[in-house]
Amino acid sequence: MLNLVKELCALPGVSSFEDEVRDYIRQRVTPFADSVRTDALGNLIVFKRGIRATGSRLAICAHMDEVGLIIRKITDEGYLKFSCVGGIDRRVLIGKPVKVGPEGVPGVIGLKAYHLVSEEEEKTVPKLEDFYLDIGARSREEAERLVSVGDYAVFDSDCVEFGDGMIKAKALDDRIGCAVMMKLLEEDLPMDCTFVFAVQEEVGHRGAFGAAFAVKPEIALVLETTTAADLPGMEGHQKVCVPGDGPVVPFMDRGSIADRGLFELMRELAESNGIPWQTKHYIAGGNDAAAFQRSRAGVRTVTVSAAVRYLHAPASVAAVRDLDHILNLTRLFIGAVAGRV
């Protein structure tokens, strides 16, 4: 699992530019799948037959895309002005290295030098329009030979193991979920499963919404990450969840409320099989469960997430031991659903 997560996190996949991630996953899962297709939005939809022929009654979803930047203007001096793709805290941008466009042109996110900042400016977070990307170009013409308006920029961040079983990388959200699904596709499954590797989750669950209508499941399991916020100075009720304390099974977020029966099933499976688990102690965030739950006449949904610090940042942090726990809990869930449908 860990090596697979590292390989996935190394790939660029800003929302609507998921091509490299999709190509990698397709190449890896095709030998184990009964059908593989890419829909109009770019979702990779993979069907695998199981022991029980249940068709598309169960869908499992994780998103391929990550937050990033998109180039909106090239200045006369050769700098790149940009907008954010997905929710990014402007405070994490200053001085961060990036790779721009399909050629991976190296650059760095710049801002006015600190010694030129006024006392008033020092008290506020810079506006997005104050930032720029520096790719070392001396003019607009020189920059245009390297990049184009509409190109993406992705954070340039190595995947590193550190500390007491921790991992830091960009795009843990949600390459962890993708890795779990890829591992499951290598196994014999107790029932038919449709795996949705979704696009454009970070900009409003757009890929999952289309996939939900195409697949038409009765039950949807969304594999995700969720903000941990277990940091110094945070009150207990604000910490949300803790990396290393097991899979997170939320009862509610800002986009969906878990199906009560599926939530209890997930809890029972974890506790009866010795898998540590936790829930979110703060109602925040949202994911593709919202798209599945609201599609057609409604879909029973539940989410299993990895607790991750510093979501949507150039370097997020998760606990390695949570990866296998999430895989095992998902495997047990599929088996339990197979016995009930």
Around atom CZ of Arg296, are there more than 12 heavy atoms from other residues, nucleotides or ligands closer than 6.0 Å? yes
Quick check against the 3.5 Å criterion: does Arg138 have a side-chain atom that pairs as donor or acceptor with the backbone of Ala143? no
Val98 side chain near Ile109 side chain, heavy-atom distance below 4.5 Å: yes
Can you check whether Arg49 reaches Leu189 side chain to side chain, under 4.5 Å on heavy atoms? no
Does Glu201 reach the main-chain N or O of Gly207 with its side chain, forming a donor-acceptor pair under 3.5 Å? no
Taken to the nearest 0.5 Å, the spacing of Ile275 CD1 from Leu269 CG works out to 8.0 Å
For Thr38 and Arg26, test the side chains for any donor-to-acceptor distance below 3.5 angstrom and give the result as yes or no.
yes
Can you list the steps and then say if Val299 with Gln293 is a side-chain contact (heavy atoms from CB on, under 4.5 Å)? CA-CA 5 Å; Val299 176; Gln293 186 181 58; 5.7 Å; no
Output for pair (Arg331 CZ, Asp324 CG), nearest 0.5 Å, gives 8.5 Å
- Main-chain N/O of Thr227 paired with Arg309 side-chain donor or acceptor, under 3.5 Å: no
Relative to the ring of Phe263, is the ring of Phe251 parallel (under 30°), tilted (30 to 60°) or perpendicular (over 60°)?
perpendicular
Result for side chain to side chain contact (heavy atoms under 4.5 Å, CB included) between Val180 and one of Asp174, Asn328, Leu327 points to Leu327
Output for pair (Leu93 CG, Leu128 CG), nearest 0.5 Å, gives 7.0 Å
message: When you compare the side chain of Ile60 with that of Ile334, does any pair of heavy atoms fall below 4.5 Å?
response: yes
message: Before you tell me yes or no, could you show the steps for Leu184 and Phe195 under side-chain contact (heavy atoms from CB on, under 4.5 Å), namely the whole-Å CA-CA distance, both residues' side-chain angles and the distance that decides it to 0.1 Å?
response: CA-CA 10 Å; Leu184 289 169; Phe195 295 87; 4.1 Å; yes
Side-chain donor/acceptor of Asp151 to backbone N/O of Ser148, under 3.5 Å | yes
Hydrophobic clustering (ILVMFWY, side-chain heavy atoms < 4.5 Å, transitive) - are Phe32 and Met181 grouped together?
no
Next item on the list: Using a 4.5 Å cut-off on heavy atoms from C-beta on, say whether the side chain of Asp259 contacts that of Thr301.
Entry: no
Any salt bridge between Arg300 and Glu218, counting N to O under 4.0 Å?
no
Heavy atoms of Asp322 and Gly246 approach each other most closely as OD1-N, 3.0 Å
Next on the checklist: I'd like to know if the side chain of Arg140 reaches the main chain of Ile74, judged simply by a donor and an acceptor atom lying under 3.5 Å from each other, with no hydrogens or angles considered.
Outcome noted: yes
Does Arg57 use its side chain to pair, donor to acceptor, with the backbone of Pro217 at less than 3.5 Å?
no
request  = State whether the side chain of Asp288 and the backbone N or O of Ala208 hold a donor-acceptor pair below 3.5 Å, judged by distance alone.
outcome  = no
Notebook entry, point to check: Does a salt bridge link Arg175 with Glu66, judged by any charged N lying under 4.0 Å from a carboxylate O?
Noted result: yes
Open item on the list: Under 4.5 Å between side-chain heavy atoms, counting indirect links through other Ile/Leu/Val/Met/Phe/Trp/Tyr residues: same cluster for Phe17 and Leu80 or not?
Closed with: no
Please check if any side-chain donor atom of His63 sits under 3.5 Å from a side-chain acceptor atom of Asp173, or the reverse. yes
Between Cys84 and Leu69 the two heavy atoms that sit nearest each other are SG-CD2, 4.1 Å
Check your understanding: Shared ILVMFWY cluster between Phe155 and Val21, side chains joined below 4.5 angstrom?
Key -> no
Measuring only between side-chain heavy atoms, which start at C-beta, is Thr226 closer than 4.5 Å to Val308?
no
*side-chain contact (heavy atoms from CB on, under 4.5 Å) between Ile135 and Val147, intermediate numbers included*: CA-CA 9 Å; Ile135 58 171; Val147 301; 4.1 Å; yes
Heavy-atom closest pair (Arg52 atom, Ala338 atom, distance to 0.1 Å) is NH1-O, 2.6 Å
Correct closest heavy-atom pair for Ile257 and Met252 would be CG1-CG, 3.8 Å
- Query: Does a side-chain N-to-carboxylate-O contact under 4.0 Å join Glu187 and Lys183?
  - Reply: no
**Prompt:** Do you see a donor-acceptor pair shorter than 3.5 Å between the side chains of Lys168 and Ser316?
**Reply:** no
Is Phe292 reachable from Leu223 through a run of I, L, V, M, F, W or Y residues, each pair having side-chain heavy atoms under 4.5 Å apart? no
Stepwise salt bridge (charged side-chain N to carboxylate O under 4.0 Å, His left out) test for Arg22 and Asp19
CA-CA 5 Å; Arg22 180 173 52 247; Asp19 306 64; 3.5 Å; yes
Ignoring hydrogens and geometry, is there a side-chain-to-backbone donor-acceptor pair from Ser56 to Val215 under 3.5 Å? yes
| message | Could you check whether any side-chain N or O of Lys81 sits under 3.5 Å from a backbone N or O of Ile71, counting only pairs where one atom can act as donor and the other as acceptor? | response | no
To the nearest 0.5 Å, atom OG of Ser15 lies from atom CE of Met64 at 10.5 Å
Answer yes or no: is there a side-chain heavy-atom contact under 4.5 Å between Val92 and Pro314?
yes
In terms of heavy-atom contacts, Ala258 and Pro250 come closest through CB-O, 3.6 Å
*asked:* Quick one, Val304 and Val302 - any side-chain contact, counting heavy atoms below 4.5 Å?
replied: no
Flag side-chain contact, heavy atom, 4.5 Å: Tyr79 against Leu133: no
When every non-hydrogen atom of Val317 is compared with those of Leu172, the smallest separation belongs to N-CD1, 4.0 Å
Here the gap from Cys241 atom SG to Tyr282 atom OH, rounded to the nearest 0.5 Å, amounts to 13.0 Å
Identify whether Met266 and Val337 are in the same connected component of the hydrophobic contact network (ILVMFWY, side-chain heavy atoms under 4.5 Å). yes
_Flag if over 12 foreign heavy atoms under 6.0 Å of NZ, Lys6_ = yes
Quiz item: Is there a donor-acceptor pair under 3.5 Å between the side chain of Lys99 and the backbone N or O of Gly107?
Solution: no
From the list Arg28, Glu20, Gln27, side chain to side chain donor-acceptor pair (under 3.5 Å) partner of Tyr24 resolves to Arg28
*asked:* Between Lys48 and Asp34, does any NZ, NE, NH1 or NH2 come within less than 4.0 Å of an OD or OE carboxylate oxygen?
replied: no
Can you list the steps and then say if Arg145 with Glu141 is a salt bridge (charged side-chain N to carboxylate O under 4.0 Å, His left out)? CA-CA 6 Å; Arg145 287 196 289 269; Glu141 293 74 23; over 6 Å; no
Rounded to the nearest 0.5 angstrom, the CZ-CG distance for Phe333 and Leu265 is 6.0 Å
